[in-house]
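See below for the structure under consideration.
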Amino acid sequence: MSDIIQLLPDHVANQIAAGEVVQRPASVVKELVENSIDAGATSIKLLLKDAGKTLIQVIDDGKGMSTTDARLSFERHATSKIKDAQDLFNLNTKGFRGEALASIAAIAHVELKTKQESKELGTLIKIEGSKITSQEAVSTAQGTSIAVKNLFYNIPARRNFLKSDTIETRHIVDEFQRVALAHPNISFLLHHNNTEVYHLKKSNLRKRIVAIFGTKMNEKLVPISEQTDIITINGFTAKPEFAKKKRGEQYFFVNNRFIKSSYLNHAVVNAFEGLLENGSHPSYFLYLEVPPNSIDINIHPTKTEIKFDNEKALYAILRATVKHSLGQYNVAPVLDFNRDATLDTPYDYNKKSTKTPTVPPITVNPDFNPFKTVTNFESTPNISNNSNTTSYQSNFKKDTGNWEALYTNTEPLEATKQEQLFETQQETETGKTFQIQKKYLLSSIKSGVVLINQSLAHQRILYEEFLENITVKEASSQQLLFPVNISFSSADIEMIYTIKSDLESAGFMFDEFTKESVTIGGIPTSISESQITLILEQLLDDIKLEVPDASFSHFDVMAKSFAKSLAIKTGTVLNNKEQENLVDDLFSCREPNTSPLGKPTFKTLTLNEIDAIFNK
């Protein structure tokens, strides 16, 4: 039998490796920006076109590369960061595997310009699909500029799997924010389609957070600081009242590297115990410094997961540190066995003397006897003493002697309620609905009963209404008497601007866009002014969480987000009319069986199924 195992050609091996390193444009951004940081850059520019699909260019003022290093950097496993296996456990750099540039060059057109400070000329290298097409000496600034064009041009199947420009841009911004938050001492610039998204100057950590997430973030932050033998913790958490329904602004950095850790996240959430509403998530920006040899960062291709040597100790220290800061800055309630300051005498009154209150004279009838038999029940006695007369009038009706009847009905109240309930049920007609636990509706049908989830059912109803209004009908708008100005981060503003035309098709009217806010002058007639922020935040979250794109752009995502935001929630009490309308509207939908996200809206129990429950 002939041999069947063979070595893969280099270009095929590089494309396979690229699949692990380069999942989307954001992966390229992460690798290139991290290389710039390792090169000692103090200023980094990121230029994008079409969400990175057409162009990703990173320009830095780092130390640059020699001609030999520039050429060698595109070889697989070529790196300046490690020399032997032991170096993997003492890393102080971002990139170290030597796969990034080789993988990127295998699936794109790459143009590299680089120059060292001591050299007069730099080097220009052009590569297409791992093949170097040209190399020459050029005049260029100190540092490195690398442009990645036409990503996945030679793997069209991979390119087809990319999401919409909005979602891909969101992923790039996420990576950009993580790197920028980890290095406030470096200035960053982000341009997308010739529009400036971020211009972050060198600053301290607090200013960097505010520059990324907007000026309103400044008032939300609570400082965190602790130093022990095994870990140093710095950063900020947001006050409990600013907790969000979605996990958004949660950042862990270990030795200036962004990581994800559900274990450490649990420690932070535990520190907020008793301060958050159910379903709320705290925001935090926490920076942990540990000895490099106490962690392993080589357990995941994206290097966002880390293995700690002493997780339990770190958990306890982190939880205690956050809890202490919340108490120190009067965010968490504390026990105080001293005086209550609210009982102190106000300053303006502490030297004033008290006065005895004066009241008008009280007059009584000394001859009044409540047990004396009243002979004239229709009489109206008047009592008056002076000009300031207080008149008391009382009309008594003659008793018929049937007062015992007031005490004859001694049945328990619950029994009366039960009788009324049974009477109501006996009079019930087919189609009558009942609300159960403020969550479900029970409705009788000819074949049995149907149990409806009121929130999911309402989502289906609203979803189809919104979708029809957006795609079929001409959406109607209502002009706001006073335009509403809402603050968002720069990245969120960019995302809203990207889908501006779709939102206008849904009925929104925009007056002005700034870097940190948007002014809305009109809204769809189906929503109220108080719901604007909720709806836009929900829409942004859905886009960030990659709600699948519909064939008609963002309309489907918008309809789902609007429905989720505005649907009645569990715990809402509905009267009989509202219950009946909900049932009727649900079964008038084109697809009443499921919610917009595919969850069942109702369950039918036939009479046979009900009988089977009691005949077991």
Side-chain angles (χ1 to χ4, degrees), residues 245-246 279 433 435-443 450-478 480 484 486 496 499-509 520 522-603:
K245 294 298 182 182
K246 301 282 184 181
T433 60
Q435 191 176 29
I436 303 173
Q437 297 294 323
K438 302 177 186 177
K439 184 176 184 180
Y440 300 104
L441 301 181
L442 183 67
S443 180
V450 59
L451 190 64
I452 302 170
N453 184 305
Q454 66 184 37
S455 181
L456 296 179
H458 198 213
Q459 287 182 31
R460 164 53 63 179
I461 296 166
L462 293 177
Y463 168 71
E464 293 198 4
E465 287 179 358
F466 282 128
L467 203 56
E468 184 179 11
N469 289 338
I470 295 172
T471 58
V472 180
K473 300 178 180 177
E474 184 175 348
S476 54
S477 301
Q478 52 181 327
L480 295 177
V484 175
I486 307 174
I496 293 174
I499 58 174
K500 175 174 174 284
S501 59
D502 292 342
L503 287 168
E504 288 174 339
S505 298
F508 283 93
M509 298 170 62
I520 299 174
I523 56 177
T525 55
S526 53
I527 71 173
S528 64
E529 184 176 331
S530 61
Q531 296 168 325
I532 300 174
T533 303
L534 175 67
I535 287 175
L536 291 180
E537 286 181 348
Q538 179 70 60
L539 178 59
L540 292 173
D541 284 335
D542 285 342
I543 295 175
K544 293 173 190 176
L545 293 173
E546 288 191 56
V547 173
D549 295 326
S551 57
F552 28 82
S553 186
H554 296 98
F555 291 151
D556 188 56
V557 180
M558 288 167 54
K560 287 175 181 175
S561 294
F562 292 174
K564 264 197 303 186
S565 303
L566 302 178
I568 55 175
K569 305 296 187 287
T570 297
T572 303
V573 178
L574 303 178
N575 59 39
N576 289 338
K577 187 64 177 176
E578 290 169 336
Q579 295 173 29
E580 292 171 7
N581 289 341
L582 186 66
V583 175
D584 292 341
D585 291 344
L586 174 63
F587 291 103
S588 298
C589 290
R590 297 179 61 184
E591 299 180 19
N593 297 57
T594 59
S595 73
L597 295 181
K599 296 180 180 179
T601 57
F602 66 89
K603 170 69 176 176

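On a predicted model such as this, the values are computed, not experimentally measured, just so you know. For this chain, numbers begin at 1 and follow the sequence in order.
Contact check for Arg460 versus Thr594: side-chain heavy atoms found under the 4.5 Å cut-off. At a threshold of 4.5 Å between non-hydrogen side-chain atoms, the residues Phe508 and Ile527 count as touching. Leu539 is listed as a side-chain neighbour of Ile499, based on a closest heavy-atom distance under 4.5 Å. Using a 4.5 Å heavy-atom cutoff, the side chains of Thr433 and Ile452 are not in contact. Inter-residue side-chain proximity for Leu451 and Phe602 is flagged as unmet; no heavy-atom pair is nearer than 4.5 Å. Proximity of Leu467 to Glu464: side-chain heavy atoms (C-beta onward) are nowhere separated by under 4.5 Å. With contacts defined as side-chain heavy-atom distances shorter than 4.5 Å, the pair Leu480/Ile532 qualifies.
Rounding to the nearest 0.5 Å places CD1 of Ile535 at 5.5 Å from OG of Ser565. If you take OG on Ser443 and CD on Gln435, they are separated by 13.0 Å, rounding to the nearest 0.5 Å. In this structure, CD1 in Ile461 is found 12.0 Å from CZ in Phe466, a value given to the nearest 0.5 Å. The line from CG of Asn575 to CD of Glu580 is 9.0 Å long, rounded to the nearest 0.5 Å. With values rounded to the nearest 0.5 angstrom, Ile486 atom CD1 is found 7.5 Å from Ile496 atom CD1. Met509 CE to Lys500 NZ: the interatomic distance, rounded to the nearest 0.5 Å, is 10.5 Å.
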Next item on the list: I would like to know whether Leu586 and Val450 meet side-chain contact (heavy atoms from CB on, under 4.5 Å); could you show each step before the answer?
Entry: CA-CA 12 Å; Leu586 174 63; Val450 59; over 6 Å; no

Next item on the list: Would you sort out whether Ile568 and Leu582 count as a side-chain contact (heavy atoms from CB on, under 4.5 Å), showing the intermediate values?
Entry: CA-CA 10 Å; Ile568 55 175; Leu582 186 66; 4.2 Å; yes

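The minimum heavy-atom distance linking Ser455 with Asn453 is given by the pair N-OD1, 3.1 Å. Counting all heavy atoms, side chain and backbone alike, Glu529 lies closest to Val484 at OE2-CG2, 3.5 Å. Lys438 approaches Gln454 most closely through the heavy-atom pair O-NE2, 3.2 Å. Here the shortest heavy-atom pairing between Leu456 and Thr601 reads O-CG2, 3.8 Å. Nearest heavy atom pair, residue Ser595 against residue Gln459, reads CB-OE1, 4.5 Å. When all heavy atoms of Leu566 and Leu462 are compared, the pair lying nearest together is C-CD1, 3.7 Å.
Around atom NZ of Lys569, more than 12 heavy atoms belonging to other residues, nucleotides or ligands sit under 6.0 Å away. More than 12 heavy atoms of other residues, nucleotides or ligands sit less than 6.0 Å from atom CZ of Phe587.
Between the side chain of Gln478 and the backbone N or O of Gly522, no donor-acceptor pair lies under 3.5 Å.
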